[in-house]
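Computed from heavy atoms alone, side chains included, the values below leave out hydrogens, waters and symmetry copies. Because the structure is predicted, anything quoted here is derived from the model rather than measured.
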Amino acid sequence: RALVIREAHQKNPSMLGGSEAPNYMVKMRQWFYRFKDRCGFAFRKRTSVGQKLPDGWEDKWRGIVTRTLALRKDEELLEVLKNKYPELEDYTMLPPWAIGNTDQT
């Protein structure tokens with residue numbers, strides 16, 4: 001908010017009667033909120049990127065990769081893919097697009 005008000009004041013120092021006018025900052029704040037609403041701006045708070053990784057995450061990650069590779073080589077799943085999409089080339093391993101999100105139950 002302060003940045004926008006400062007920029008507006010620098011562009012037009014006499015805006016709303018200038019900085020010597022009574023209640024100048026109150027008027028500028030009111031102008032800012034009208035300006036924000038008119039332009040569709042929103043305040044956004046910067047957040048951190050996710051949570052801390054748990055202890056032993058490397059082993060958990062390796063387990064997920066191992067299970068995913070095993071699923072990609074599963075003969076029954078390959079047969080389902082071939083039956084559902086007969087026009088596809090003959091796969092020896094499930095393509096990545098054929099695997100859904102594994103953390104959903």
Would you mind writing out the side-chain donor-acceptor pairs for residues 53-65 within the sub-3.5 Å range, not counting sequence neighbours?
from	atom 1	to	atom 2	distance (Å)
Asp59	OD1	Arg62	NH1	3.2

Not counting sequence neighbours, which residues clear ring pair (Phe, Tyr, Trp, His ring centres under 6.0 Å) with Tyr33? List them please.
none
Report all side-chain donor-acceptor pairs from residues 71-85 shorter than 3.5 Å, counting only partners two or more places apart or in another chain.
from	atom 1	to	atom 2	distance (Å)
Arg72	NE	Leu94	O	2.6
Arg72	NH2	Leu94	O	2.9
Asp74	OD1	Glu76	N	2.8
Asp74	OD1	Leu77	N	3.1
Lys82	NZ	Asp90	OD1	3.0
Asn83	ND2	Glu79	O	3.3

What pairs of donor and acceptor atoms, side-chain ones from residues 4-30 against any protein atom, are under 3.5 angstrom apart with sequence neighbours left out?
from	atom 1	to	atom 2	distance (Å)
His9	ND1	Tyr24	OH	2.7
Asn12	OD1	Ser14	N	3.4
Asn12	OD1	Ser14	OG	3.0

